[in-house]
Amino acid sequence: MDVFKDLLRKHFDLIAERIELLEGYEDKTYLVTTDSGTFVLKDQRLTKSLLSRLQLEQELTGYLNKEAHYAFPCALIARSGKPYVQRDGRIMRLLTFLEGDFLAEVELEQVTLESLGDMLGRLNLQSGRLEPGFSGEVSPWDLQHLELSRKGLNHVADPHDRALLEYFFQLYDTAVLPDRYTLPKSLIHNDANDWNVLTREGKVTGIIDFGDMCYSWRINELAVGLTYVLMRKDDLLGTATTVIQAYCRHIDLTSLELRLLYYLIGGRMCMSLCNSALAARSKPDSEYIRISERPIRSLLRRWVALSPEKAANAFLEAGGLQTPPFPNSEDLLRQRKEGFPPSLSLSYSRPIAMQRAAFQYMFDTEGHRFLDAYNNIMLVGHCHPHVVEATIRVLRRLNTNTRYLYEELLNYTERLLTYFPPNLCRVFLVNSGSAATDLALRLSRAFTQKSMILALEHGYHGNTVAAIEVSHYKHQAGGGYPNTLLCPMPKVFGSDQKDDGTAGRYFSRYAEQLVEAHSGEVAAFIAEPIMGCGGQVPLPLGFLPEVYQAVRAQGGVCISDEVQVGFGRLGHWMWGFEKYEVVPDMVILGKPMGNGHPIGAVVTTEAIASSFDNGPEFFSSFGGNPVSCAAGLAVLEVLEKESLQASAAETGAYLKAGLGELASQFPIIADVRGEGLFIGVELIAQGGGPATAAAVLLKNELRNAHILIGTDGPANNVLKIKPPLPFNRENCDELLREMARILSEQRES
Ligand code: PMP
């Protein structure tokens with residue numbers, strides 16, 4: 001410190017009483033108390049452009065200070081006549097010290113936000129008039145170069161944070177990059193974070209630290225400033241609107257700038273978390289570096305739940321610009337009716353025109369956010385960036401079929417098989433659950449040389465001719481398929497049986513009798529471990545072992561349809577058959593397998609698979625293509641990396657407990673069942689019959705409250721809850737709260 005004392009005396013005629021090091025990223029900053037006031041001493045490495053940058057900073061703060069609306073630090077002139085001292089390849093500057101409380105330390109009132117926008121607007125009005133004078137610099141804090149921050153992604157500790165960040169990196173690539181040469185540029189301060197902005201009596205008074213000043217997209221000034229106030233406010237759009245309106249009193253932002261602001265705020269969060277994760281490696285104990293981490297992680301979760309389109313419209317309005325019209329659901333409905341058969345029904349009495357989705361959220365064209373508690377296909381979350389990226393990469397390179405050798409197919413099948421018992425060691429890849437069912441039935445017939453199939457009443461296994469034959473759920477149109485044997489739905493709730501093995505034995509007796517009556521003719525038994533379309537009905541314990549034995553004893557095979565429940569959704573089990581301690585001969589996979597990418601599979605034994613070897617060759621044009629395999633592999637990787645199976649167990653238990661509570665308050669809830677995040681809630685009316693109307697009403701009221709669930713079961717009185725696995729406790733609370741509200745209203749009416 002004596003070196004600095006000498007320097008201050010020699011070059012600035014000041015006697016330093018105290019010199020205190022302040023924390024920072026790279027430059028060294030000291031707080032200096034002298035005989036004639038407090039100053040800030042900056043000690044920086046001399047780089048090529050530093051001097052021209054400092055000159056520009058001096059010029060800018062000079063203009064700004066002259067206006068006298070806000071205060072900006074300016075460098076004292078040394079004895080040499082220069083605003084700095086150069087020594088040993090370093091530059092020392094003595095800056096005026098600004099009094100006040102940091103924005104981070106004060107309440108964010110309306111006036112605080114207005115004055116922030118006003119200060120930034122005035123700042124940019126001046127900075128925009130200056131020629132940058134330096135160029136070619138690439139700063140990891142300039143949102144134009146967000147890509148530089150990506151290398152920090154692997155150092156972000158929490159895997160769900162990483163997924164959210166990756167998602168915002170992708171949004172930036174998609175939305176911002178195509179317009180990177182059109183966005184207006186300006187000299188900007190570029191670091192209006194809440195530890196740089198000063199306030200007094202609740203109003204912004206100035207800003208310090210021009211070290212990240214750069215010639216960048218003008219709108220980045222607001223993107224940075226807004227990020228740090230949004231992390232402290234619940235009302236995201238109201239807060240942003242206040243700041244933008246005040247800013248726009250000085251600057252006319254373009255429509256493009258305001259439309260991209262949402263993505264740039266996302267980008268700033270990526271930058272902040274990735275850069276701090278990277279910097280923390282060399283300074284693990286620095287609180288300064290991690291200071292914004294926690295609030296940004298929380299903002300990230302709230303930002304992903306906000307529609308970018310809705311945000312864009314709010315920002316455009318705040319900037320006094322017109323908002324674009326959104327696709328009208330009435331028009332879409334009319335268009336749909338013209339070329340689309342009405343047999344394909346729409347969900348909800350008020351159909352939803354969907355625009356986009358992210359993880360456990362979906363957004364309609366009007367910007368409403370829907371909490372998705374329904375779509376089990378999006379296992380690892382809507383538009384999960386890892387799945388999207390893996391798929392696109394391969395799609396851009398190679399898309400062919402299994403008549404060629406390629407790694408994606410081999411890597412995927414090898415990985416998939418690790419999740420199965422050793423005897424299930426052959427995979428046929430197709431494009432849907434229905435195709436998988438169809439193939440499994442065909443394989444079973446080829447293998448056993450038998451034709452009959454034992455299935456469960458109210459089951460559903462797919463839409464092909466063969467699959468429909470075993471899908472009693474779809475038999476209303478005219479039942480009776482000679483090759484199908486139907487066992488009554490083994491549903492414990494509503495029977496007088498207990499699920500301690502006795503119910504299993506009770507129901508399996510029906511199946512055994514059917515098999516016995518057709519002994520030697522039954523090729524296969526097909527069942528879901530928890531029946532989805534049947535109304536989220538878990539098979540009773542002991543049922544499958546008994547039926548499997550009976551079917552096998554007469555030469556048939558057993559198929560587990562894991563299309564709905566597979567891939568870890570049940571929490572404790574990757575596959576539903578594991579719960580029942582059986583090993584099927586064939587497993588059917590689909591829906592969540594590709595997180596929305598059309599892929600399905602039959603996993604079976606070597607013996608069964610080889611029954612096709614000497615007969616009909618099996619080929620699927622799309623089944624097993626490299627893109628589908630990449631999607632499938634990415635799903636498994638995310639499941640592991642983000643521990644989503646454990647999270648399904650944990651969140652599912654929490655939700656089931658909450659639903660149990662609701663059941664004790666509302667007698668209409670007669671049964672809460674299921675495993676992990678595959679839950680059914682059965683509603684029964686006072687007289688004991690199915691409360692179908694109430695279930696449908698509840699579903700539609702939840703939709704009106706922007707929560708998506710479904711109803712199903714033979715009487716359509718079972719609520720189906722099977723969300724994407726990123727669904728968390730707060731999401732459960734929201735669902736439970738809204739259910740309670742609607743049920744109370746229903747009870748009162
Ligand atoms: N099996 C089950 C249990 C299903 O729920 C479904 C689809 N609802 C299928 C098979 C058929 O799958 P897909 O719609 O992909 O053909």
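These numbers come from a predicted model, not from an experiment. Ligands are counted one by one from 1 in listed order, and the atoms in each one are counted from 1 as well.
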- Message: Can you name the atoms of ligand 1, numbered from 1 with element, that are less than 4.0 Å from a heavy atom of G433?
- Response: 11 (C), 12 (O), 13 (P), 15 (O), 16 (O)
- K579 with E675: basic N within carboxylate O range, under 4.0 Å: yes
- Task: Please identify which atoms of ligand 1 are closer than 4.0 Å to at least one heavy atom of E528.
- Result: 3 (C)
- Task: Would you verify whether the NZ or CZ of R403 falls within 45 degrees of the ring axis of F619 while also being under 6.0 Å from that six-membered ring's centre?
- Result: yes
- side-chain contact (heavy atoms from CB on, under 4.5 Å) between R552 and V557, worked out: CA-CA 6 Å; R552 282 169 174 161; V557 297; over 6 Å; no
- Message: Using a 4.0 Å cutoff against the non-hydrogen atoms of V563, which atoms of ligand 1 qualify?
- Response: 1 (N), 2 (C), 4 (C), 6 (C), 9 (C), 10 (C)
- Query: Would you say ligand 1 has an N or O under 3.5 Å from any N or O of A435?
  - Reply: no
- Message: Is it the case that atom CZ in R397 sees more than 12 heavy atoms from other parts of the structure closer than 6.0 Å?
- Response: yes
- Which word best sums up how the rings of F577 and W575 line up, parallel for under 30°, tilted for 30 to 60°, or perpendicular for over 60°? parallel
- Message: Among all protein heavy atoms in this structure, tell me which lies nearest to atom 5 (O) of ligand 1, with the distance rounded to 0.1 Å.
- Response: Q564 NE2, 2.8 Å
- Per-atom contacts of ligand 1 with S434, taking only distances under 4.0 Å to non-hydrogen atoms: 11 (C), 12 (O), 13 (P), 16 (O)
- Let me see the working for F359 and Y167 under ring-ring contact (aromatic ring centres under 6.0 Å, His included), right down to the final yes or no. CA-CA 9 Å; F359 298 92; Y167 175 77; 5.6 Å; yes
- Hey, which atoms in ligand 1 end up nearer than 4.0 Å to a heavy atom of S432? 15 (O), 16 (O)
- Note on the structure: The closest protein heavy-atom partner of atom 1 (N) of ligand 1 is D561 OD2, 2.7 Å
- Item | Whether H368 and H706 hold their rings parallel, tilted or perpendicular, with breakpoints at 30° and 60° | parallel
- Message: As an exercise, identify every atom of ligand 1 less than 4.0 angstrom from a heavy atom of K591.
- Response: 5 (O), 6 (C), 7 (C), 8 (N)
- Does T437, backbone or side chain, put an N or O under 3.5 Å from an N or O of ligand 1? no
